[in-house]
There are 2 protein chains.
Amino acid sequence: MSDHPLNYTAYLIDLDGTVYLGKQALPTVRETLQKLRKLGKRLLFLTNDASRRREKIAAKLLNMGIEVAPQEILNPSYIAIHYLYQHFPGAPVFVIGEGDLADELSQAGLQLCDDPARIRVVLVSTDHRFNYRKLKIAFDAIRHGAAFLATNADRTYPGQNGEEMPDTGAIIAAIEACTAHPLDVLLGKPATTMAELALEILALPAAECLLIGDNPETDIRMGHRAKIPTALVRSGIAANLNPLSESDSPNYVFSQLGDIFKT
Amino acid sequence: MSDHPLNYTAYLIDLDGTVYLGKQALPTVRETLQKLRKLGKRLLFLTNDASRRREKIAAKLLNMGIEVAPQEILNPSYIAIHYLYQHFPGAPVFVIGEGDLADELSQAGLQLCDDPARIRVVLVSTDHRFNYRKLKIAFDAIRHGAAFLATNADRTYPGQNGEEMPDTGAIIAAIEACTAHPLDVLLGKPATTMAELALEILALPAAECLLIGDNPETDIRMGHRAKIPTALVRSGIAANLNPLSESDSPNYVFSQLGDIFKT
């Protein structure tokens, strides 16, 4: 396989900062995805956003004129459901999270629970309704032996109007501090759980996929860890990041997604 | 001054685990304090409990038959008021805390505020009503340049029925994680702020005081840092702690407070 960004079988593509920014599709994205599909390339879209179910993300993309099937999207709730079925079958789960996360888990047949004596897994995510009651339940459950998982570990996320908001990293830190128990499993980027599931779904070896994202610390780092070749797009968080740290340096750098056809 | 625990001018005595446990006075405490007073010794009582004002702590002690004036008690709200007047005169303060803390600050004439653009100091303490809204205000204020203070940094505290509860350490960790800004000033033990104020009130050099407490990591460590001689009582948290780490080893070890007269 020659060293050209079009010589891959599948593309794992980050959403926020790579495909869209806020409610706007980024330039060249729509036509690039269409061209890749025409070439018979397989596509999966990866996001750390735990508050929206896959159908809603697909609908948001469609609003921007980008056709993506919900099954082509890997979001933290999907990863969590898969991981919990595989590693903690039947285990009662306490969810600290917002939006669709708890609903999705529950609809997938997982048992949600807020009784610390019964909880076997504490799953933490973005939650702007986080409070002391939830902290205490997580604290008691983890001290009773529950596993401590998180969908992502971001310090902040961009809220409405682009305002920065405290994110899951703050909740993880609070629980780690009082329990003196470090997080057991991180499901989202830059952990490899999401990448491994993507490869499993595609039934492809890492070397046949190209991971494209805008964040060196999550997207590119996950690619390195999972031995998946990487391309950084400078359309999101890494627009002005220069130079990149060596450990997070990608195989390709594009100013935007469409550059994949210009190399 | 000979090396005898009765050869000090003043005694700085921890409360929980040294003077009482829960609602019970510990053995020999009452008569020991009376004997020390008869010898003309000066007494100050130090606690990291930020939820009760000094008058209530004095009333609790009186219920156990122990007479202590509110002015002999140094608690975090007293320390905070003193510190804020000294270092941040007139600055609007956002308080994350419970019980009497905010009331005491407000009655002492400090300006409480929850507008992130105006807040100059974020003061964190034990708060079982901690929630995302408070986290967000602290986050915005600290990113606008407010100083980040805490009354204590304990990971947990003993709640009713002796049940362990997440404490200020968890709230500090959450704020540090999302702001990427470490705590600026710790007011309570083992920081020396409380010890320095005690020496200022007594107008005595450190060498003329003996600090007596049950917790190597807070009481004894603060004594070391402030160069105050220390005595560990094995009536509270350190009952079964053996051996002590070298950095937290005290000048004297007593099984209970009364042993001060047996050496």
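Letters A, B, ... are given to chains in the order of the sequence lines, protein chains preceding strands, and every chain is numbered from 1. Quick caveat, the model's predicted, so the values are computed rather than measured.
- Of all heavy-atom pairs between A:Ala170 and B:Ala177, the closest is CA-CB, 3.9 Å.
- Note that CD of B:Glu164 and NZ of A:Lys136 are 9.0 Å apart. Values are rounded to the nearest 0.5 Å.
- Each of B:Glu163, B:Lys134, B:Glu176 has some count of heavy-atom pairs under 4.5 Å with chain A, and the biggest count is that of B:Glu163.
- The most heavy-atom pairs under 4.5 Å with chain B, out of A:Pro166, A:Ala180, A:Ala173, come from A:Pro166.
- For a residue to count as touching a neighbouring chain, one of its non-hydrogen atoms must lie under 4.5 Å from one of that chain's; by this rule A:Thr179 touches chain B with the backbone only.
- Pairing each heavy atom of B:Thr156 with each of A:Cys178, the nearest pair is CG2-O, 3.6 Å.
- Within residues 102-133 of chain B, the residues having any heavy atom less than 4.5 Å from a heavy atom of chain A are, in residue-number order, B:Asp127, B:His128, B:Arg129, B:Phe130, B:Asn131, B:Tyr132.
- More than 12 heavy atoms of other residues, nucleotides or ligands lie within 6.0 Å of CD in A:Gln86, so this atom counts as buried by the packing criterion.
- Counting heavy atoms of neighbouring residues, nucleotides and ligands inside a 6.0 Å radius, atom CD of B:Gln256 exceeds 12 of them.
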